[in-house]
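Counting starts at 1 for both ligands and their atoms, following the listed order. Because the structure is a prediction, the values reported are computed rather than measured.
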Amino acid sequence: MITGASRGIGLETAKSLALPESGFSKIVMLARPSQELSDGCDYVASINPDCEVVKLEADLSDPAAADHVFGVLDSQKIRLTTMVNNAGFTRPASINEAELADFQKTMQVNVYSPFQLIQGALRHNHPLTHLINIASTAGIGGRSGWLTYSASKAAVISMSEVLREELKPYGIDVICLSPGRCATDLRKTLAPDEDPNTIMQPDEVASVIKLMISPLGQLLKSQNLVVRT
Ligand SMILES: NC(=O)c1ccc[n+]([C@@H]2O[C@H](COP(=O)([O-])OP(=O)(O)OC[C@H]3O[C@@H](n4cnc5c(N)ncnc54)[C@H](OP(=O)(O)O)[C@@H]3O)[C@@H](O)[C@H]2O)c1
């Protein structure tokens, strides 16, 4: 299951994991309802006839979304082996301008929803082997004007470190990736004047996610991995 799969890094990850060599028989693509999500699901479904695509519409800014997600998965008898917590939200603002409601939404989408989805998968006894959490270099070094986003991504890194230790005895690999500047809509929100052709592309991050799920990823998984050009 890939969250935030309607565009950007999530969509490229779905495309990459649908390829026959990735070995997945089913990919759940989660985002809010949109034409973009439907088109993305159709495209990914066309890549490999042996890999079924399931569209899962959910708004992760709603704390009740995780229950809805597991309701859908249970009703379709879908058992998760791999979860890519990639959905992300930001509304950059200085400390003087930042609204508590935006901070709460940022934390819900970026931190609490991965927490709820991981907890839900464990409680529903999904046969997880890989959890991939997408943090950010903004979570390693805070940036002026990005208070809420940087704080949320630092929390994703810390949560991943704890989960890596807690879930190791159960044979679940917890992988935390921190991309740097990547040409997506979210990046445009953070840096509107930047030329997207000069920075990392989302398919490059998707290739690293695919590598981390492969046997070679075993050699790299023990750290918060920075991915940047
Ligand atoms: N781009 C960068 O430079 C960069 C750098 C470091 C880390 N990251 C991280 O990479 C991840 C992917 O972002 P991206 O850069 O690929 O951005 P993007 O192209 O804007 O994609 C963001 C994804 O998150 C989903 N999303 C946002 N709010 C949601 C909500 N309330 N419920 C469900 N899904 C929601 C969006 O789906 P809908 O809007 O269709 O629902 C979309 O699929 C994020 O966690 C981001 O923080 C990005």
Side-chain angles (χ1 to χ4, degrees), residues 1-16 27-41 43-44 55-66 68-69 72 83-92 101-102 104-117 131-143 146 148-157 159-160 175-192 194-209 224-229:
M1 179 168 80
I2 303 164
T3 71
S6 59
R7 58 177 183 271
I9 294 168
L11 177 58
E12 292 304 321
T13 302
K15 289 182 193 171
S16 179
I27 294 184
V28 179
M29 293 175 62
L30 185 156
R32 289 170 293 185
S34 70
Q35 193 58 48
E36 219 175 11
L37 176 64
S38 298
D39 292 347
C41 288
Y43 183 85
V44 174
K55 178 172 73 170
L56 207 166
E57 297 175 333
D59 182 348
L60 297 178
S61 68
D62 178 354
H68 165 69
V69 168
V72 172
M83 187 190 294
V84 184
N85 288 304
N86 163 78
F89 170 76
T90 184
R91 185 165 291 147
D102 281 340
Q104 286 168 330
K105 180 174 176 181
T106 307
M107 292 300 285
Q108 178 59 43
V109 175
N110 298 359
V111 186
Y112 303 148
S113 83
F115 160 77
Q116 290 180 298
L117 292 172
L131 291 172
I132 297 97
N133 295 330
I134 306 301
S136 169
T137 50
I140 301 169
R143 310 271 158 77
W146 296 8
T148 56
Y149 184 67
S150 286
S152 75
K153 292 300 186 177
V156 172
I157 294 168
M159 180 168 75
S160 302
I175 294 153
C176 184
L177 293 187
S178 284
R181 304 176 304 157
C182 180
T184 67
D185 288 356
L186 185 137
R187 178 68 196 174
K188 261 183 239 152
T189 307
L190 289 168
E194 186 176 63
D195 177 354
N197 296 313
T198 62
I199 59 175
M200 184 166 64
Q201 299 302 306
D203 64 308
E204 296 180 290
V205 182
S207 299
V208 176
I209 293 172
N224 170 34
L225 211 68
V226 171
V227 186
R228 70 172 148 214
T229 48

remark   = Closest non-hydrogen contact found for Ala66 with Gln116 is CB-CB, 3.7 Å
message = So if I only count non-hydrogen atoms and take anything under 4.0 Å from ligand 1, which residues does that give, chain by chain?
response = Gly4, Ala5, Ser6, Arg7, Gly8, Ile9, Ala31, Arg32, Ala58, Asp59, Leu60, Ser61, Asn86, Ala87, Gly88, Val109, Ile134, Ala135, Ser136, Tyr149, Lys153, Pro179, Gly180, Arg181, Cys182, Thr184, Asp185, Leu186, Arg187
query = Hey, is the main chain of Ala87 close enough, under 3.5 Å, to the side chain of Thr3 for a donor-acceptor pair?
reply = yes
Side-chain touch Leu190/Trp146, heavy atoms, less than 4.5 angstrom = yes
request  = Inspect the contact between Asp185 and Lys188 and indicate whether a charged nitrogen and a carboxylate oxygen are less than 4.0 angstrom apart.
outcome  = yes
task = State, with a plain yes or no, whether a side-chain heavy atom of Arg181 is found less than 4.5 Å away from one of Thr137.
result = no
request  = Please tell me if the side chains of Leu37 and Cys41 come closer than 4.5 Å, counting only heavy atoms from C-beta onward.
outcome  = yes
